[in-house]
There are 2 protein chains.
Amino acid sequence: MMRDVSTLIQSKGPYETGERIYKIQDQFKSLFIIKSGVVKLEKVDNDGNSHISGFYFPGDVIGLESIGDEQYNYNAIALEKTWVCEIPLDRLESLGQSIIAVQQTIITLLGKRVHQADDMLTRGRYLSSEQRLLVFFEMLCKRYFIQTIDSKKKLHLPMSKVDIASYLGMRPESVSRALRNLQNQGVIQNHLKTIEIKDLNVAKKMICKSRWGLLRDKC
Amino acid sequence: MMRDVSTLIQSKGPYETGERIYKIQDQFKSLFIIKSGVVKLEKVDNDGNSHISGFYFPGDVIGLESIGDEQYNYNAIALEKTWVCEIPLDRLESLGQSIIAVQQTIITLLGKRVHQADDMLTRGRYLSSEQRLLVFFEMLCKRYFIQTIDSKKKLHLPMSKVDIASYLGMRPESVSRALRNLQNQGVIQNHLKTIEIKDLNVAKKMICKSRWGLLRDKC
DNA sequence: CGGGCGGTTGATTTGTGTCAAGGAGGGTGG
DNA sequence: CCACCCTCCTTGACACAAATCAACCGCCCG
């Protein structure tokens, strides 16, 4: 007899802004699907500097990055009011045959995660700070499902510019300057918690002009 | 009745230097364990520039990076005479129950792969080119199993300096210069296809002095 | 012998980090 | 409601590491 996976899964939340879904060195035993809200993953070094490894949105799974370890190796922090579903891994074995399907799902998710990371590695290095920001906004647009009328996109930023800087491997000052430049060029409009993409076509072209012509086919 | 995994696995090789174990857009259907030799994974963009995403050694599994896709998304190129074992994934289902164990193994491997990539992302950005090279050599030492007498390590480089540059996100000229600097400081000795680590302790110290104090605990 | 590729070196430019300062917004307490 | 503070963000002047451009060497291989 095969039990349903859903009997193991339970909803958790809400987590308020700044609350942690899990933290570094908590015992790793569950993945979490984000039902609503936004989550960042951060590492904190000895000097107290935080380093952002990614932002995650509804439908995304977090915890994958800790598979293979005993403990979580990142803090998962809600950036808005957030609900998640907990998927405990230690009890999956009681599912019987369907464990194969679950494993298959995890493999697929991990595969995507590897692609994503490899992509960042091979692409990111060869992009200017302005390009990195545009790529970032493009990603947000895809994930975030913006209401878009006539190719003009208003983009809410749930994370601070400091977090964006950390994620993109830049300093906050550089983010600020790059945004100003893009604004002067008429590509975007920079507000505090919002970015407005004025000229999507120009933006896309700018992303592709990698200094060494990398990955021009991706556009 | 449970068939043995090993009945599905067969040895392939030798691949000579420059030969491809698989290439981009080949149908993805197998992983490969490297039995002997060295393999690099590269992407080639439209302008013909190649971008190295990693080097792999005996015991490593390649093909993981393409899981989830229909085709391989990198070229796997032998850097020396290389033997591999092919692990076809499409016939794993005929293994019956033991598929769970195989899947579990794959999950573990993918997990490590994610860690590795995340690490590169969060660390790499904050290291100078000299530090990146030292980290690279350190990695080679670990993987490559050098015969080491009295903490003086001679390190054979199967890959070109150009490949190293690409992998580390630098230009060949910068690699050259960084090596010269390290040599002038007495840390290493730079030969054409060999690096000699003269002062391991100094090397380790240099790696740790991240500009922003990142990950000092790793040392 | 000659061509090509990998590697090295030098002169110069440039992007982005660094340091220092100031501003805008939001929250808290009087 | 205002004053204060704190954090996030922005701006400017400057420094520096690495990219760029150009040239050259040495090795391998036809």
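So that the names make sense, note that chain A is the first sequence line, chain B the second, and so on, each numbered from 1. Here the structure is a predicted model, which means the values were calculated and not measured.
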Could you tell me how far apart [X] ([atom1]) and [N] ([atom2]) are, to the nearest whole angstrom?
X: A/R171; N: D/dT11; atom1: CZ; atom2: P; answer: 19 Å
X: B/R125; N: D/dA17; atom1: CZ; atom2: C1'; answer: 18 Å
X: A/E16; N: C/dG27; atom1: CD; atom2: C1'; answer: 16 Å
X: A/E173; N: C/dG22; atom1: CD; atom2: C1'; answer: 13 Å
X: A/K193; N: D/dT10; atom1: NZ; atom2: C1'; answer: 15 Å
X: A/I164; N: D/dT7; atom1: CD1; atom2: P; answer: 20 Å
X: A/R180; N: C/dT16; atom1: CZ; atom2: P; answer: 14 Å
X: B/L182; N: D/dA18; atom1: CG; atom2: P; answer: 11 Å

Quiz item: Taking N and O atoms by type only, does the side chain of B/R177 place a donor or acceptor under 3.5 Å from a partner on the base of C/dG7?
Solution: no
Donor + acceptor pair across side chains of [X], [Y] (<3.5 Å):
X: A/N73; Y: A/S66; answer: yes
X: A/S30; Y: A/E86; answer: yes
X: B/K161; Y: B/N190; answer: yes
X: B/E130; Y: B/N181; answer: yes

Please check the phosphate of [N] (OP1 and OP2 only) for any side-chain N or O of [X] closer than 4.0 Å.
X: A/S128; N: C/dG15; result: no
X: B/S176; N: C/dG7; result: no
X: A/S160; N: D/dC8; result: no

Practice problem: Using the closest heavy atom to pick a nucleotide of DNA chain C for each, name whichever of A/M170 or B/K161 lands nearer the 5' end. | Solution: B/K161
Quiz prompt | 5′-ward residue of the pair A/V175/B/M159 relative to DNA chain C | solution = B/M159
Practice problem: Check every strand shown and say whether A/L192 touches a base, only sugar-phosphate, or nothing at a heavy-atom separation below 4.0 Å. | Solution: sugar-phosphate
Exercise. For A/N190, report the nucleic acid contact type (base, sugar-phosphate, nothing); a contact means any heavy atom under 4.0 Å.
Key: sugar-phosphate
Quiz item: Under the 3.5 angstrom rule, does the side chain of B/S50 hit a backbone N or O of B/E42 as a donor-acceptor pair?
Solution: no
